[in-house]
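So the structure is just underneath, and the comments pick up after that.
Chain letters run A, B, ... following the sequence lines, proteins first, then strands; residues in each count from 1. Remember, it's a predicted structure, so these values are computed and weren't measured experimentally.
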Amino acid sequence: MKYDFSAIEQKWQDKWEDAGIFHAEDNCSKPKFYGLVEFPYPSGAGMHVGHIKAYSGLEVISRKRRMQGYNVLFPMGFDAYGLPTENYAIKTGIHPRQVTDQNIAKFTSQLKRVGFSFDWTRVVDTTEEGYYKWTQWIFRKMFDAGLVFRATTLVNYCPFCKVVLSNEDSQGGKCDICHNDIVQKSKDVWYLRITEYADKLLQGLEKVDYLPNVKLQQENWIGRSEGAFVNFALTNCDETLRIYTTRCDTMFGATFMVIAPEHPIIEKYADRISNIDALNAYKEECAKKTEFERTQLVKDKTGVRIEGIAAINPATGREIPIYISDYVMMGYGTGAIMAVPAHDERDYDFAKKFGIEIIEVIKGGDIEKEAYTGDGEMINSGFLNGIETKKEAIAKMLEYLGEKGLGEKGVQYKMKDWAFNRQRYWGEPIPIIHCPKCGMVGVPYEELPLKLPNMENFAPGEGGESPLAKVEEFVNCTCPKCGGAAKRETDTMPQWAGSSWYFLRYTDAHNENAFADPEKLKYWLPVDWYNGGMEHVTRHMIYSRFWHRFLYDIGAVPVDEPYAKRTAQGLILGPDGDKMSKSKGNVVDPNDVVNEYGADVLRVYILFMGDYASAAPWNDSSVKGCKRFLDRVAALTDLVKGTGVTAKLESSFHKTIKKVSEDIEEMKFNTAIAAMMALINTIYEVGSLTADELKTLLKILCPFAPHLCEEMWETLGEKNFLSMTEWPAWDEAKTVDAEIEIAVQVCGKLRATITIAADASQADAIAAARADERIQNAIAGKNVVKEIYIPGKIVNIVAK
RNA sequence: GCGGGUAUGGCGGAACUGGCAGACGCGACGGAUUUAGGAUCCGUUGGGCAACCGUGCAGGUUCAAGUCCUGUUACCCGCACCA
């Protein structure tokens, strides 16, 4: 058969769709498999080869699962709210709704052209009323549960996008969307109290099967630390200064304190501070620094001593000075620290610069040169003297603090509460009403969805307020509680909202009465296997685990962790080895590949190009190699002779079935394909194969190159879909050869290879080795001191 | 700075719990076919004339090391003054 991909791909895509063979069944007695891939943001640029790689892994696994008799849910959808669409709409004057619909249509047709076996009856679009109704519903439930709050804070503001960003979206002082510098701005912001779930999110990791580095990144993101809160008495004030420390064992060495420039105590006791002007000047200077500048100047500590107020070290009773410095953050712990220069690098740098006393309390380092952060014997530490370990010293100090009422054990997290609003148009309206009498009131559940009003001009206001603020019919409303005049919240939700629960909607995508039917949730959850990019394993995954866990806590979902298993694919780099980007001009368009070589070649190449989890550069010539492979597969129809088993091929077939079956489970698609290529080379060497053998080959190749395989299957006279036949089994006994070739070494150096029975005894193997002429030459005149036979592997003769 | 990872032919990459390094593919070279090119098919292809040498570098353990141990370098990713 000649391989004419253009003639067959559309044909099979239509047949699959008409027969609906990839639709997941509800209420099914078969075992279920829920494979999830990260749904795309439908950008105007269309699909990228990276998308194809991200979906191809679970595509192969899902296709294999169907053939293994599973009821498979492998869905696709669109995470369609977000700024790029809105910015494009502002530029072109086309409404975001229209832009979104166009982009979704484009993505859909591209995905279908690749032949992915998605269940297209369950597509979700986060911007549809039927979907965002439930996004708002979950938010309302969180509001009821006290997990939503509003606070005035300094926020990361992008003057270009005119939008407030979360810490996660403004890393490195750059806007995550437009990459311009962000500034600090005081604003009223909505927060989700994700920190309340920090421990649950951490504990949940213990029972899920995520890649180790995925788990680690989430743990680091949550950033739990155990330590102590300690209250330091102040001179000239009637309150104490509360600090957080993980090293209360070093308290005898605390020779000063440092508080964040924004610490409220400065303003509170301004009249007792003699150098308040200097402190304010420093504070202002810090506010001007971008995050980038602050981190770039790590080594160079700055600060100002507070004159007029000092602190008392509760361990030594000595008076110690207090400084303000921007190396202490208001957002972590209490915004104040006790500084132990002998045993903390940052405190050491600061003390050296400001000439503050450094007292060694742990032996083991040289504090003349640097801070010593290791373990050792306690000295200069009163009742702690002589203790040898950090753990013991901390326990003793905690006991002391407790007795004296000076402090207690405490836990801190790096993770912050989630800034949950944007002043933009293209997002879910936040369903809250501000009533002058009742305060914040949730929009009643029966009024959801709170529809996004249709606007002509949705550009953001100059002051950074939401475009929705301009729509009076939207803003003005009555309070659901008291019936008085009230105003609606005009901010919208961040893009992360819709993607925090989309996997739940797939189980029942069209339900109008609930986000999903509890029975369906019970059948399908948890997601058995979730694959996506490494860039989403912290933000998106932690956010969605948080939402899911909340829903579990209110009894709305049946399992506590949403994703049983998580893997990640590596990037596809440009042919030049750099990250693909439009500006570098090294972007490969999947359409071009489909047009020139066909979808099957694209699929096979993307999985063959390297380790699935690693980054690998695109190579046009290698694509041709995959085309050649499929050409050779198609041409096998000319070699078919009879039925049954070809003796010379039997073992190769069993070995290949085993290899492909096992490699797919480990996402080692490259070696699975290599094994099939090797099998084909063997078939060509043998010169013929039976129809039964060809059918078996088509079955294991089908998940990779389904169009060609279906076509060949049909050519062989089969009437049903290859995609729904049974995955072949292998016979372990037939994967083992009766005779094997093993290496013979003399003194660890390869000298010959011999062929022996697979079950040969040690004596037989060594005798066979010694019978070989090359071995006899190698050991001639030497004294054999040791003979080793590792069954099936090697003979090594040690001779001196 | 801290945490994690990677390093193998000209290239992408294989190599199970230590057991013939370089599977498979690309590229290259030679040949067949062709008016020619392309495509296809066949053969060769880690280096070295050879003994031998070869998995970033330097040591070590072992009958045997890409794989284990110690040290070291480079690159990639994540976090980053987290008290």
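In this structure, A:Y244 does not reach the B:rA83 phosphate: none of its side-chain N or O atoms is under 4.0 Å from OP1 or OP2.
Contact check of residues 757-769 of chain A against RNA chain B (heavy atom, cut-off under 4.0 Å) returns no residues at all.
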Could you list the donor-acceptor pairs under 3.5 angstrom formed by side chains in residues 329-340 of chain A, with sequence neighbours left out?
residue : atom : partner : partner atom : Å
A:Y332  : OH   : A:S225  : OG           : 3.3
A:T334  : OG1  : A:R242  : O            : 2.6
A:T334  : OG1  : A:A336  : N            : 3.4
A:T334  : OG1  : A:A336  : O            : 3.4

Determine all donor-acceptor pairs shorter than 3.5 Å in which one atom belongs to a side chain in residues 781-793 of chain A; sequence neighbours excluded.
residue : atom : partner : partner atom : Å
A:E787  : OE2  : A:R770  : NE           : 2.6
A:E787  : OE2  : A:R770  : NH2          : 3.0
A:Y789  : OH   : A:G792  : N            : 3.4

Tabulate protein N/O versus nucleotide N/O from nucleotides 20-27 of chain B, keeping only pairs under 3.5 Å, one per line.
residue : atom : partner : partner atom : Å
B:rC20  : N4   : A:E741  : O            : 3.1
B:rG25  : OP1  : A:N681  : ND2          : 3.2
B:rC26  : OP1  : A:R628  : NH1          : 2.7

Taking only nitrogen or oxygen atoms into account, show me every contact under 3.5 Å that the protein makes with nucleotides 51-55 of chain B, one pair per line with its distance.
residue : atom : partner : partner atom : Å
B:rC53  : OP2  : A:K749  : NZ           : 3.3

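A:I322 pairs with exactly one of A:I265, A:V258, A:L234 by the side-chain contact (heavy atoms from CB on, under 4.5 Å) rule, that one being A:L234.
If you check B:rG38 for Watson-Crick or wobble pairing at under 3.5 angstrom, you find it has no partner at all.
In this view, A:Y348 satisfies the ring-ring contact (aromatic ring centres under 6.0 Å, His included) rule with no residue, not counting sequence neighbours. Looking at residues two or more places apart in sequence or on another chain, you find a side chain to side chain donor-acceptor pair (under 3.5 Å) between A:E38 and A:H536, A:R566. Applying the ring-ring contact (aromatic ring centres under 6.0 Å, His included) rule to A:W730 yields no partners; only residues at least two apart in sequence or on another chain are considered. Judged as a side chain to side chain donor-acceptor pair (under 3.5 Å), and not counting sequence neighbours, A:D592 has no contacts. Not counting sequence neighbours, the partners of A:E665 by the salt bridge (Lys or Arg N to Asp or Glu O under 4.0 Å) test are A:K64, A:R65. A:Y197 is linked by a side chain to side chain donor-acceptor pair (under 3.5 Å) to A:D553, counting only residues two or more places apart in sequence or in another chain. With sequence neighbours excluded, no residue forms a side chain to side chain donor-acceptor pair (under 3.5 Å) with A:D759.
Between the P atom of B:rG4 and the CD atom of A:E219 lies a distance of 12 Å, rounded to the nearest Å.
Listed candidates were B:rC81, B:rG19, B:rG3. Nearest to the side chain of A:I788 is B:rG19.
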